[in-house]
Colleague: 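The structure that follows is given in the form of structure tokens.
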2 protein chains.
Amino acid sequence: MNQTTPLRHPIPDQLVELIAQRFRVLGEPMRIKLLDRLREGPATVGELVEATAASQQNVSKHLRVLLEAGIVSRAREGNFARYAIADEAVFRLCEEVCGGLRAQFAELKALIEEGTAR
Amino acid sequence: MNQTTPLRHPIPDQLVELIAQRFRVLGEPMRIKLLDRLREGPATVGELVEATAASQQNVSKHLRVLLEAGIVSRAREGNFARYAIADEAVFRLCEEVCGGLRAQFAELKALIEEGTAR
DNA sequence: CAATAACACAACCATTTAGTTGTATAGATG
DNA sequence: CATCTATACAACTAAATGGTTGTGTTATTG
């Protein structure tokens, strides 16, 4: 499980749409922050509000997006709603992105140092 | 190389921004299509226009976004501009996303079959 | 049952952005 | 040098989306 299988080519339009949609869900700083907090473990909306320093309504809205994308899960507990990561794969995605960022910065750094060294 | 290293927690705001930005670049069907075509190998703008059935200006615009993100590279050849994948990691990202999608669909399918079986 | 607490939903506004139209630039070609 | 071809750039429009404000809903509590 969790191994990636190669993509057919060309990727069918519907799948292209789904892929882009998933990326778009993650293309929002607030949602990344929420996921980052949920990495610690499940949390209620109030806890997430505190962690992100955003309004309750805003947090609720972004959680809905993440929920509909199947990235988080919701469980009602009395008056509270406890959200949790439903798809651990998102963290592999983030790490992969960070790896790419690191590589790019390393390249830039090398260029700058080469440029200033003489 | 290319191994992902674990993310610190909490992820600093600036990094959150960068991560989201990278995802946002990929959160666009046309750009996914362009990358999918470039998976075959480098291509000129004209070839990409043909592959995506979009306007030259639109393709050019999206290529610019991909270029600025460092995901593709550009090389002028006479009158032509040849674009190529600069960061192969994007395909691992796409495959990871597809893996997640497959898992979700499998779950849905199981739910539906359980629901209709009786 | 009234009041409160936690969360969700809806309407609105401002910003962003994808796509188009029109035009500019740069290199090839006669 | 004039022209054509390939590409990039700029301005505009329409649609999508993030954030706020206001309100609804559900469950707890006195």
Side-chain angles (χ1 to χ4, degrees), chain A residues 13-14 16-38 41-84 86, chain B residues 13-14 16-38 41-84 86:
Chain A
D13 272 26
Q14 268 199 323
V16 166
E17 205 71 44
L18 284 174
I19 294 173
Q21 189 180 320
R22 172 64 62 112
F23 279 128
R24 226 176 310 138
V25 169
L26 297 176
E28 172 58 52
M30 182 65 59
R31 290 198 280 267
I32 297 290
K33 278 190 196 177
L34 289 169
L35 292 174
D36 186 36
R37 166 59 186 82
L38 288 176
T44 66
V45 176
E47 288 166 344
L48 291 167
V49 165
E50 197 173 350
T52 58
S55 73
Q56 175 264 316
Q57 289 91 332
N58 194 11
V59 167
S60 197
K61 203 168 168 180
H62 284 296
L63 284 172
R64 194 167 175 279
V65 175
L66 290 169
L67 183 65
E68 279 174 359
I71 296 175
V72 303
S73 64
R74 169 165 57 187
R76 291 218 57 134
E77 292 180 8
N79 242 342
F80 297 80
R82 187 166 302 272
Y83 284 85
Chain B
D13 272 26
Q14 268 198 322
V16 165
E17 206 70 45
L18 285 173
I19 294 173
Q21 190 181 318
R22 171 63 62 114
F23 279 128
R24 227 176 308 137
V25 169
L26 298 176
E28 171 56 50
M30 181 64 60
R31 291 197 280 268
I32 297 291
K33 279 191 197 177
L34 289 170
L35 293 174
D36 185 36
R37 166 61 186 81
L38 289 176
T44 66
V45 176
E47 288 166 343
L48 291 167
V49 165
E50 197 173 350
T52 57
S55 73
Q56 176 264 318
Q57 289 93 331
N58 194 10
V59 167
S60 196
K61 203 167 166 181
H62 284 295
L63 284 172
R64 194 167 173 278
V65 175
L66 289 169
L67 182 66
E68 279 175 358
I71 295 175
V72 303
S73 65
R74 170 166 55 187
R76 291 220 57 135
E77 291 181 10
N79 242 343
F80 298 79
R82 187 166 300 273
Y83 284 86

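Order of the sequence lines sets the chain letters (A, B, ...), proteins ahead of strands, with each chain counted from 1. Just so we're clear, the structure is a prediction, and the values are computed from it rather than from any experiment.
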Colleague: Could you tell me how far apart Leu26(A) (CG) and dT17(D) (P) are, to the nearest whole angstrom?
Modeller: 14 Å
Colleague: Does Met30(B) form a side chain to side chain contact (heavy atoms under 4.5 Å, CB included) with Lys61(B)? I'd like the steps, not just the answer.
Modeller: CA-CA 11 Å; Met30(B) 181 64 60; Lys61(B) 203 167 166 181; over 6 Å; no
Colleague: Kindly check if the number of other-residue, nucleotide or ligand heavy atoms within 6.0 Å of CD (Glu68(B)) is above 12?
Modeller: yes
Colleague: Please, which pairs that meet side-chain hydrogen bond (donor to acceptor under 3.5 Å, both in side chains) have at least one residue in residues 50-59 of chain A, sequence neighbours excluded?
Modeller: Asn58(A)-His62(A)
Colleague: Taking atom CD1 of Ile71(B) and atom CG of Leu26(B), what is their separation to the nearest 0.5 Å?
Modeller: 4.5 Å
Colleague: How close or far is atom C1' of dA8(D) from atom CG of Leu48(B), stated in whole angstroms?
Modeller: 15 Å
Colleague: How would you summarise protein contacts on nucleotides 6-19 of chain C per nucleotide, using B for base, S for sugar-phosphate only and - for none, with heavy-atom distances below 4.0 Å?
Modeller: SBBB-------SBB
Colleague: Take Phe23(B) and Ile32(A) through the side chain to side chain contact (heavy atoms under 4.5 Å, CB included) test and state the conclusion after the steps.
Modeller: CA-CA 10 Å; Phe23(B) 279 128; Ile32(A) 297 290; 4.2 Å; yes
Colleague: What's the NZ-P distance between Lys33(A) and dG18(D), to the nearest Å?
Modeller: 15 Å
